[in-house]
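Have a look at the structure below, then the notes.
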Amino acid sequence: MTIAAAEPENEVPGVAEVSEVSVDDAVVRDAEDFGAYAKTGGWAFGLKVARSVLPGGGAVAEDGSRKVSAKEFARIAGCSPERVLRYWRAWDRAADDGLVPVFEQLTPGGEVELPDADVWLSYYTSRSSGDSPRGHAIAAVAEAEGIRPTKALEVAENPTALRAAILADPGTAQAARHALMDRLEDDPNLRQELARDIAHADELKKAVGAESKTAGQVEYVRGVIDSGEVKTAGGQKIPAPEAVVAEARQHLTLIEDVDDAEAGEYADDAHKALQALVAETVENDPQLRAHERRARFQSKVAKAAKAFEELTLDDAAEVYEEEMLEQLETLRAAITACIEELRGAAPVAEPVSEAAPVPEQAPVPEQAQQEDGYWTPDTAATTTA
């Protein structure tokens, strides 16, 4: 075959003369096949399978051509039937989406317009696991993440390799951590298992406790700014003074600017600083100070009362100890002294004034009683007589 040679890239177009060269027909076929693959990717080979294979057995098309089974097609191609079927299933999924013609419309040797090469990877997986429901789920998430499904499936099929990468590489460990956190919301079993693992690992429990404390302190600082209120040590909620709010804003800015590893220290400093300002505010206000002391005292009494309400003496003989009895006797003496102290501090009630005596009425003359119609013991006696 004779074709025109292309102009060299380093020469000015139009200067070099176009020459006729002879190219072997085999080279032309290879170039044409390469061009078709460059444009359509796996679709070019998917079409060959789709128009020639009918799983389970052959069938005669309308033009007299006959389709073969995947096993027969694989024997001729020199590959496995599983590989042929992966191409067949990819075409089937694309046909369901209306991207390519269905098998019934295809005949051996027929040509159709093929989709772009990049779309092929959305339907084809080179791994047998990709055809399972689990494989489809992995492939769907991989596509959403913008990666090739085959990569995700390869990792899923080799958890030992994934473990090795996590153990050896901090970046892989971080990616795995983010993935687990994203999955926790929709996987209650994973949440429970992870919580159980943490509960049985002392170092993790300490780390979780420290992070919880830091989160609580940061929330306290942010709450002062958002609500404009602060809680005293006695549990009172009072309006936050401007100085406290300003201090909270300053500390929150510092916390947000530092790395997560240093946030705990800054959060602790912020919490202590705000608590000190609140305590100073309470101490400088006589009314607040009185309310705070009363709130603290009442809180302690309530806790002590609740503790004793929860005690049962059904098994007193079994729990009896002389030392414990002495502690209770000391506690009773302290409670008695506390009661007497409070009674002594109680305000003295003002004495109730006696009612003034009712003056006696002058006796009504008998004649007046009768004339006015009064009925009195005197008139009753007179009437009886």
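Source: prediction; values computed, not measured. All values below were derived from every heavy atom in this structure, side-chain atoms included, with hydrogens, water molecules and symmetry-related copies excluded.
Other residues sharing the hydrophobic cluster of Val301, ordered by chain and number and joined by side-chain separations under 4.5 Å: Phe297, Leu342.
Between Arg332 and Glu329, at least one side-chain nitrogen of the basic residue sits less than 4.0 Å from a carboxylate oxygen of the acidic one, meeting the salt-bridge criterion. Taking a cutoff of 4.0 Å between a charged side-chain nitrogen and a carboxylate oxygen, Glu309 and Lys306 do not qualify as a salt bridge. Under the 4.0 Å criterion applied to side-chain N and carboxylate O atoms, Asp269 and Lys272 are not assigned as salt-bridge partners.
Annotation for Asp118: atom CG does not count as buried by contact number, only 12 or fewer foreign heavy atoms lying within 6.0 Å. Within a 6.0 Å sphere centred on CD of Glu256, heavy atoms belonging to other residues, nucleotides or ligands number more than 12.
A distance of 10.0 Å separates CG in Asp182 from CZ in Arg177, rounded to the nearest 0.5 Å. In this structure, Glu82 CD and Lys71 NZ are separated by 10.5 Å, a value rounded to the nearest 0.5 Å. Gln192 contributes atom CD, which lies 12.5 Å from atom CG of Leu184 (distance to the nearest 0.5 angstrom). Rounded to the nearest 0.5 Å, atoms CG (Leu274) and CD (Gln217) are 10.5 Å apart.
Residues satisfying the side-chain hydrogen bond (donor to acceptor under 3.5 Å, both in side chains) test with Arg196, not counting sequence neighbours, are none. Residues passing the salt bridge (Lys or Arg N to Asp or Glu O under 4.0 Å) test with Glu292, sequence neighbours excluded: Arg296. With sequence neighbours left out, Glu111 forms a salt bridge (Lys or Arg N to Asp or Glu O under 4.0 Å) with Arg51. Asp30 meets the side-chain contact (heavy atoms from CB on, under 4.5 Å) test with no other residue; sequence neighbours excluded. With sequence neighbours excluded, no residue forms a salt bridge (Lys or Arg N to Asp or Glu O under 4.0 Å) with Asp97. Scored by the side-chain contact (heavy atoms from CB on, under 4.5 Å) test, Pro241 finds Val244, Thr281 as partners (sequence neighbours excluded). With sequence neighbours excluded, no residue forms a side-chain hydrogen bond (donor to acceptor under 3.5 Å, both in side chains) with Asp285. Residues that satisfy the side-chain hydrogen bond (donor to acceptor under 3.5 Å, both in side chains) test with Thr172, not counting sequence neighbours, are Asp169.
A donor-acceptor distance shorter than 3.5 angstrom exists from the side chain of Ser52 to the backbone of Lys48, with no hydrogens or angles considered. Panel note: side chain Asn284, backbone Glu280; a donor-acceptor pair is recorded below 3.5 Å. A donor-acceptor pair is defined here as one N or O able to donate and one able to accept, closer than 3.5 Å; no such pair exists between the side chain of Thr40 and the backbone of Trp43. Distance alone, capped at 3.5 Å, places no donor-acceptor pair between the Arg249 side chain and the Ile225 backbone.
Within the structure, ring pair (Phe, Tyr, Trp, His ring centres under 6.0 Å) contacts touching residues 197-217 (residues at least two apart or in different chains) do not occur. For the ring pair (Phe, Tyr, Trp, His ring centres under 6.0 Å) condition, no pair includes a residue of residues 276-295, sequence neighbours left out. Residues in residues 213-266 take part in these ring pair (Phe, Tyr, Trp, His ring centres under 6.0 Å) pairs, two or more places apart or across chains: Tyr220-His271.
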Check the pair Tyr87 / Trp120 against ring-ring contact (aromatic ring centres under 6.0 Å, His included), numbers first and verdict last. CA-CA 10 Å; Tyr87 277 82; Trp120 172 253; 5.5 Å; yes

Just do the side chain to side chain contact (heavy atoms under 4.5 Å, CB included) check on Leu106 and Leu47 with the steps written out, would you? CA-CA 9 Å; Leu106 301 175; Leu47 174 61; 4.3 Å; yes

